[in-house]
Student: 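Attaching a single structure in structure tokens format; questions to follow.
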Amino acid sequence: MTATTAESGFFVALNQGRWAYLRFAAYVGAMVGIAAMAMFGVGAYEENAFLYQILSMKGVIWGGTGALAGCGLAVIASTLKPTLQDAKSARNFVPWLDGFVLMVALASIWALFEPAQAAISYDDQSNLFAGRVIMAMNVIFIFSSVSYIAYLFAPDSFIGRIATWSAYSGVFLGGSALLLRWHESYLFDLEIGHAPVSNLYEVFILLFCITAAVYLALEKRYQAKAMGAFVMTLVSAGVFFGIWLDSVGQADIKPLVPALQSYWMKIHVPMNFVGYGSFAVACGAGMAYLCRYWLESNGGKSKMLAIFPSLDQLDQLAYKAVAIGFPAFTLATILGAAWAAEAWGGYWSWDPKETWALIVWLIYGSYLHARVSHGWHGKALAWWAVAGFLVTVFCFLGVNMYLSGLHSYGQLS
Amino acid sequence: MTSAACLANMPRMQSFPELLKYVWQRLGSMSLAIILLVVLAIASVIGTVLLQNQDQADYLQQFGPLWYWVFRSLGLFDMYHTWWFLTILGFLMLSVSACLWRNVPKMLKEMRARKPTLSEKALKNFKYTKRWQLPASTDIAPLQASFEKRLQGWEFRPADEGGRHYIRADKGRWHKWGYILVHSAILVVLIGGWMGAQYGFRGNMAVPEGKSEKEISFLQGTETGHLVMPFQVRCNSFFIDFYPTGAPKEFRSNLTIIDDGKEVLTSDIIVNEPLYYKGVRIYQASFGDGGSDITFKMFHMDGSEAITTATSQVYKTWKDPASGIELKITDFKPYNVENMANPGEAKNFQDLGPAVEYEMRGPGLKPVKIKAFMNPFIDGDGNNQGSFMMISLTGDAADFKPVALGLDLSNPVEWKLFHAFMRHLVAATSGGKQTKEANLAAFKAAMNDVFGEGNRPEGFQAMAMRTLQAVNMLPQLPWPLLPMLGDFKLHYYTGLQLALDPGMNVVWVGSALLVLGLCIMFYMPHRKLWLIIQAQDDGMAVTLAGMANRNHLVFDKDFHDLFTKLDDDFAKLSS
């Protein structure tokens, strides 16, 4: 399995070596600058208007200074140690950050299509543009999963390419729609505005995008396109749930309850979904493994086998996804504990959500133990990855629907 | 591994030390670790399905006496603090410790010693090997230089043995530290948790505005425990801010800490911003009525037209010596946001204004629970529908039914008008039937009585409708007095949570170690490469061998890339 480089030389150069390195330094610098503004800036951090603080002149100055300082430090560091320019972390992270910038640009284009201020009302949010972008994302994700499945049966590159590109467009539509929702939340009233990670509907969209993005990253690096049929089908199932949520009025932007008014929400929630999304990809890899295993045991004559990655590769891909998800999920849980220590009187309260997060953590922890130290491989672990994701779904959805507790703001009402 | 297999593997015990040794070995085994993790996960589920720390009476009602006692004796109502749950955690700690004890010295040694040479047998087991056959004239030094140039950032160690030249290259050789850090971190976190449970506390106190409090209460299994704080907390004020939509936006308490009789600190707290004093964190947790002053307007139902006032406080009982009526005031709310939409319609929240809740008892009266509102109900079209109250005949708040009283009792004139109307109605019909004409005549006469001959106030038609409704409604009420909310002075209590956790910083240290360790474990695989050069009769045999303990997908590709690059280099060198 060798990564093919389909792009032209210019883009390769842009995403490698010194350009990637410099851009990475600038991004990190800008993020540090914004964080510094939130912590030390005059007027400091305003829960209600952070988006506009970032977008204001003040944000540009803090972020820009950070970016410049980052670049400067990077240049100094690379003259001291030239190998830094080929640093893997820069090469791996830069495309993600570029993608984020593109999403911001898209969101600002969408913002031009918003209805006039007079037509915006809190009671009827159906005319907001983000809803339409999200609907487009829904259609595209479903289309993508259909294409991926078609690709299994007709593995010519055209359908495969359409599947991949539609998945990419879905990610960008979803991400920019969320950013647009952030902007829209301020249109009702500055006080209502908040980051778009406050209810089940919003985090669902986040989950689709992260799952698809993690999958696409693996697809690009390891040419594992057959896995897409499984991962994107999971995403499509989620899309239908999202459409249902919208139809029962759960998609409305609502003001934040006091417990959620914290910068922790902006860190804890997305981090958690990096974990959930990666576990979804691991589940997709596990399903692909089981599917290939079944095809092979049925005589191994199926034409599909030619496009499936080998069993060993699928096994590795599932592990790879867990290796992204597990540290992210651990960090997210710790960040959640830090938030709880500030809001609920203790870092751990055995609240159902916390306990289920622990259960998910234990299940993937034992997956890793079984694999790395116990030498398990193959079918059992593929089932484990699938079962682990079912538990993850319960942690993220079931707890909100069936169990009550401190995390009840994710509840359906 | 099943327990039967476990027993079968068990050696025959010769002596107690051997048994200990066996147990020690089992403790650090991977099977036990996986079993413990899974058991812990399953046990944790119970406490999420069964609501923890609820009222015992609720449990009894929910499960019936038999299961209640079974669950209670297993401690399932507070299961994360039961001996058996803590024992599982203890076993986990033991297992992790045994594992660390056994493996850390080995790993440290392994990380320090990087043997450059490889036996022929070891080489056979390598998954990644490539071979070149170069002319005998090739120099070793440029080969080695090219190998080192292609592996920027690797560590090299050359050696010569048995006619072979070995160059070993290592990357991420500290990988095993990831393992050590992660497992120690689990221990540190659990120790931090134990410290918090042992030497910390967490409890609640309710402080009414203007009052101070120094005792917290908390649940201890099925009982309530109390603890006196080393300082007093005074609530100076409590304040709720609302969004334009009516949803609460902020709960804010202004607190003063009184230590040793001196005011040492005054500060505001809100939900996400606790106060920190002497190691204790003080959180905004809840709020409620802290004994608001209530002024009732008593409408006497004996036809005397009298309206008297009575003052009391929430949580107190007011008694009327004349009628023997008792009002036990249970709650007061300044805002009552209710969904006014009919079932099936879009939700429509409306604030109905202040309301007081009380239980009314009296001689010969059935006790009822009442929520009396201060303002009349204004419907969606802006029409005044008169005063109303919620009445629960069972005394349960779930059974509240709205009752429209007809009159707008916040306007004393309507009370007067009602009585005038009743008098004229009796006179006009003189015991006969109540007709439309009689009603009209009686109302006209009543209007003239109250407002003067021919004078009509604005909206008198609506007033007429309300009066007519009251004529049908008010005589049905059995009470000699109709207590309505006249005025109030709001006093909240603020619900604070106080917590001291000396283990918290230990937990944060453990968490940091955990994340650091995981990153090392997952993203810094230990990769080893060997270049082995051996002069042979017909030339020079060069072997490239590699292994990685993680991330084989990437290593596979990188090994292949390295091979093609070296292949180019070597071809140039040997040509």
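Every chain is numbered from 1 and lettered A, B, ... according to where its sequence line falls, protein lines coming before strand lines. Because the structure is predicted, anything quoted here is derived from the model rather than measured.
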Student: Shorter than 4.5 Å, heavy atoms on both sides: which option in V271(B), V38(B), V189(B) has the most such pairs with chain A?
Tutor: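 That would be V271(B).
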
Student: Between Y319(A) and chain B, with a heavy-atom cut-off of 4.5 Å, which part of the residue counts as in contact: side chain, backbone, both or neither?
Tutor: side chain

Student: Rounded to the nearest 0.5 Å, how far does OG1 of T330(A) lie from CG of L514(B)?
Tutor: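 Here the rounded value is 5.5 Å.
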
Student: Atom CG in L368(A), atom CE in M521(B): separation rounded to 0.5 Å?
Tutor: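 Taking CG in L368(A) and CE in M521(B), the distance rounds to 7.5 Å.
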
Student: Strictly under 6.0 Å, is that where the ring centroids of Y80(B) and W348(A) end up?
Tutor: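 That pair fails the under 6.0 Å test.
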
Student: If I take atom OH from residue Y523(B) and atom CG from residue N92(A), how far apart are they, to the nearest 0.5 angstrom?
Tutor: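 If we round to the nearest 0.5 Å, Y523(B):OH and N92(A):CG are 10.5 Å apart.
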
Student: I'd like to know which of V45(B), D241(B), L498(B), I270(B) tops the heavy-atom pair count under 4.5 Å against chain A.
Tutor: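 Winner by heavy-atom pair count: V45(B).
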
Student: Picking from D189(A), V391(A), V360(A), L362(A), which has the most non-hydrogen pairs under 4.5 angstrom with chain B?
Tutor: L362(A)

Student: Heavy-atom count check: over 12 atoms from other residues, nucleotides or ligands less than 6.0 Å from R18(A) CZ?
Tutor: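 Result for CZ/R18(A): open.
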
Student: List the residues meeting side chain to side chain donor-acceptor pair (under 3.5 Å) with S253(B), not counting sequence neighbours, and say none if there are none.
Tutor: Q284(B), T494(B)

Student: Hey, what do you get for CH2 (W350(A)) to OG (S44(B)), rounding to the nearest 0.5 Å?
Tutor: 5.0 Å

Student: Looking just at side-chain N and O atoms, do W339(A) and N272(B) make a donor-acceptor pair shorter than 3.5 Å?
Tutor: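 Present: a donor and an acceptor within the cut-off.
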
Student: Say you draw a straight line from CG of L37(B) to CD1 of I359(A); how long is it, rounded to the nearest 0.5 Å?
Tutor: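 Between atom CG of L37(B) and atom CD1 of I359(A) there are 12.5 Å.
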
Student: Among A499(B), P274(B), G517(B), G47(B), which residue has the highest count of heavy-atom pairs closer than 4.5 Å to chain A?
Tutor: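 Looking at each of A499(B), P274(B), G517(B), G47(B) in turn, P274(B) comes out on top.
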
Student: When you look at CZ of F91(B), are more than 12 heavy atoms from neighbouring residues, nucleotides or ligands closer to it than 6.0 Å?
Tutor: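 Open: at most 12 neighbouring heavy atoms sit under 6.0 Å from CZ of F91(B).
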
Student: Kindly check if the number of other-residue, nucleotide or ligand heavy atoms within 6.0 Å of CZ (F242(B)) is above 12?
Tutor: yes

Student: What residue, out of Y283(B), F251(B), Y179(B), has the most heavy-atom pairs lying under 4.5 Å from chain A?
Tutor: Y283(B)

Student: Of the non-hydrogen atoms in W508(B) and Y347(A), which two are nearest, and what is the gap between them?
Tutor: CH2-CB, 3.8 Å

